[in-house]
Amino acid sequence: MSLAAAASPPFPPSWAYPIRVAASQGQFHHAISLFLQMRASVAPRSSVPASLPAALKSCEALGLRALGASLHALAIRSCAFADCFTANALLNLYIKLPGLHHPSGTHGPSGKGGAESVTLEGARKVFDEMLNRDVVSWNTLILGCAENGRHQDALCMVKEMWREGFKPDSFTMSSVLPILAEHADITKGMVVHGFAIKNGLDADVFVGSSLIDMYANCTRMDYSVKVFDSLPDRDAILWNSMLAGCAQNGLVNAALRIFRQMLHAGVRPVPVTFSSLIPACGNLALLCLGKQLHAYVIRGRFNDNMFITSSLIDMYSKCGNISIARHIFDGIQSPDIVSWTAMIMGYALHGPATEALVLFERMEMGNVKPNHLTFLAVLTACSHAGLVNKGWEYFNGMSDQYGIVPSLEHCAALADILGRAGELDEAYNFISNMKIKPTASVWSTLLRACRVHKNTILAEEVAKKIFELEPRSMGSHVILSNVYSASGRWNEAAHLRKSMRNKGMKKEPACSWIEVKNKLHVFVTHDKSHPWYNRIVDALNVYSEQMRHLGYVPNMEDVFQDIEEEQKRDVLCGHNEKLAIVFGIISTPPGTTIRVMKNLRICVDCHTATKFISKIAAREIVVRDVNRFHHFKDGNCSCGDFW
DNA sequence: CTAGGGTTAG
């Protein structure tokens, strides 16, 4: 460290200058060290106020709470606290370092608020004691509230600052807009937008990107586009905001267009560019596109970025390609909790569910601590593999060993494990005695189980509970009606359907889709508009004949209407997953793996038929339904007929 | 002295 500059200072003598320079260059240790030397020397008192903001900033960066507290005392003793600039820096320190207590106001952790509220109390005290405040003071406190979940406080404070004659600026906007984005409060969001326009703040890129995010979170990408187009050239952040917004709203084509425009405009992609695009491919199961992005990632040497590798693992497994996902996972030197969880969830959804548990144990041995999502993944694996004892073990272990309180999702997963395994009474008791009040969705896992295990009596009781909580629950009405149909109680089924019609309830249209040669083919039930429709039906009829020879019997359980047998068979033939699968087979070279996605659960008959088709056509067929993956091969399915 | 974009679930 060179003291030369400080030892022979320019006129007027100043210690403050090198301290400020060091802090502004990120050399916080150096800044602190200079500050302490200054205090030990006979430096003029006037150096203290001028160097305090930089010293406080350095404390924040290095997390030095004790020194921070003594600087607070020094600020008061030296009268530097009267200076707005210095007091603001101190206020910021209280916001940024949780656990730094105001010397005169340490009440200790109060009630449920805990350390978080104590931290803000200290900041609030500093703020209240300030002799002079400016817009920065208000902005600092508002941001502190915004980032610590005190959303209402933050919004109230904006009104308060306005009342006291301070005009909100671009900093205020970009603290407030993320709050409105999180609450999807487009009404207040547009008020803020209007204020920004009126006060000439809308050309600011920080405000602009916050507005883009806010509208994107309110699923109004059209407004986001308008904001984006109205902003002056460019900023890489804005491009990435737009990309993330489109990707999260499922607008993959729009996202790709923006990606290309961005490259064209000479803006270099950064890791976040990909970590927002890749998950969108996974959610829509666009394997070809995902692979292209993967190639881009490799060329750009982004593949050592954990966010990207995790999203690639998730993307490949959601696209049905668990082995590539595993290959990427194996290439990571030390996986973090996110990549472990993504990989474990991949196996949980795919089939070799015990592999998920093996990975979980390896993860524990590697001293990576599981979080609530990891346990959700492990419980999902137990459910899909029918492992009841293991399920209980993990459910109890998560709180006993890791102090993670089971959430509603974990409880639902355990109820699912019990129900699928046929332990219906245990599942019923478990749900009835849960610490958290069960929701309709928890009960409906049991309703599904009742249907699989053909327990009509319990199904009726469970359905009653569901309808109390959610009178218009479409899925539950359908399942109960299926239960009635399956046990030949057509009158009850008909009555139920009538009451559904009276309530104006409509079944979610089922659809399946498949990507062939980079093009997406969507099949909606009863939609005959696909150009290959007749060819598909012809092929399906040929398969049906062969299937019958091999012993296939159509299963009518899932047919909703009580119609003649012959008609029912037609309905089943028209099931969109069958159309998508057969289209895949006749439009690709022999041996190609068929990957089909479906927006609902696969039906019993389609599941059986697909097993036969995989054998007859000698194809591996991967079906992703809304719940899990099915790998059909050689007449068998990886789910073991258990879903 | 105060500010912006991303990953795992359902």
Side-chain angles (χ1 to χ4, degrees), chain A residues 20 23-24 52-57 60 83-93 95-96 130 133-144 146-147 169-178 181 201 204-214 216 235-245 247-248 269-280 282-283 302 305-315 317-318 335-346 348-349 370-380 407-410 412-413 416 441 445 626-628:
Chain A
R20 288 211 305 267
S24 72
L52 260 178
L56 288 163
K57 181 86 200 148
E60 182 210 321
D83 170 50
C84 193
F85 214 89
T86 308
N88 284 342
L90 189 64
L91 177 63
N92 184 49
L93 187 72
I95 298 271
K96 295 290 161 63
M130 281 173 74
R133 295 184 202 110
D134 62 5
V135 181
V136 175
S137 329
W138 284 97
N139 284 342
T140 304
L141 194 57
I142 288 169
L143 180 69
E147 287 184 338
D169 63 4
S170 63
F171 284 75
T172 326
M173 305 281 102
S174 49
S175 298
V176 164
L177 283 168
L201 301 170
D204 181 286
V205 285
F206 285 82
V207 175
S209 71
S210 305
L211 284 169
I212 290 172
D213 292 338
M214 185 274 292
D235 190 296
I237 299 279
L238 292 175
W239 286 100
N240 287 310
S241 289
M242 283 300 291
L243 264 180
Q248 280 156 16
V270 287
V272 282
T273 314
F274 295 101
S275 52
S276 69
L277 267 180
I278 293 171
N283 291 331
F302 291 122
N305 178 294
M306 281 302 237
F307 285 103
I308 289 183
T309 44
S310 299
S311 68
L312 282 171
I313 292 169
D314 185 54
M315 184 272 290
S317 88
K318 281 184 178 157
D336 66 356
I337 185 59
V338 178
S339 37
W340 278 108
T341 304
M343 195 64 240
I344 292 172
M345 185 54 94
L349 294 178
N371 63 21
H372 64 121
L373 292 173
T374 322
F375 276 105
L376 198 54
V378 171
L379 290 170
T380 306
S407 71
L408 191 71
E409 282 80 13
H410 297 108
D416 198 44
S441 74
T445 67
V626 74
N627 187 44
R628 62 163 298 158

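Residue numbering restarts at 1 for every chain, and letters A, B, ... go by the order of the sequence lines. All values derive from a computational prediction rather than experimental measurement.
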Legend entry - Contacts of A/Phe302 that satisfy ring pair (Phe, Tyr, Trp, His ring centres under 6.0 Å) - sequence neighbours left out: A/Phe274

Inset, instruction - With the side chain counted from C-beta on, respond yes when A/Thr374 and A/Ile337 share a heavy-atom pair under 4.5 Å apart, and no when they do not. - result: yes

Inset, instruction - Identify whether any heavy atom of A/Val626 sits under 4.0 Å from a base atom; if not, whether one sits that close to sugar-phosphate; answer base, sugar-phosphate or nothing. - result: nothing

Inset, instruction - Look at all strands and tell whether A/Val135 reaches a base, only sugar-phosphate, or nothing, counting heavy atoms closer than 4.0 Å. - result: nothing

Inset, instruction - Using a 4.0 Å heavy-atom cut-off across all strands, classify A/Asp204 as base, sugar-phosphate, or nothing. - result: base

Legend entry - No-hydrogen, no-angle side-chain donor-acceptor test under 3.5 Å, A/Ser210 and A/Asp213: no

Inset, instruction - With heavy atoms under 4.0 Å as the rule, sort A/Ser170 into base, sugar-phosphate or nothing. - result: base

Inset, instruction - Would you indicate what A/Asp213 reaches in the nucleic acid, counting non-hydrogen atoms under 4.0 angstrom: base, sugar-phosphate, or nothing? - result: sugar-phosphate

Legend entry - Criterion side-chain hydrogen bond (donor to acceptor under 3.5 Å, both in side chains) on A/Ser311 and A/Asp314, from CA distance to verdict: CA-CA 5 Å; A/Ser311 68; A/Asp314 185 54; over 6 Å; no

Inset, instruction - May I ask you to say what A/Thr140 touches in the nucleic acid, namely base, sugar-phosphate or nothing, with a heavy-atom cut-off under 4.0 Å? - result: sugar-phosphate

Inset, instruction - Calculate, to the nearest 0.5 Å, the distance between atoms CZ and CG belonging to A/Phe206 and A/Leu238 respectively. - result: 10.0 Å

Inset, instruction - Could you tell me from which nucleotide to which nucleotide of DNA chain B, 5' to 3', there is an atom under 4.0 Å from chain A heavy atoms? - result: B/dC1 to B/dG10

Inset, instruction - Answer with base, sugar-phosphate or nothing: what part of the nucleic acid does A/Ser175 contact at a heavy-atom distance below 4.0 Å? - result: nothing

Inset, instruction - Determine the contact category for A/Ile237: base if any of its heavy atoms lies under 4.0 Å from a base atom, sugar-phosphate if only primed atoms, P, OP1 or OP2 are that close, otherwise nothing. - result: base

Inset, instruction - Provide the closest heavy-atom pair for A/Leu91 versus A/Ser137 in the form atom of the first, atom of the second, distance. - result: CD2-O, 3.5 Å

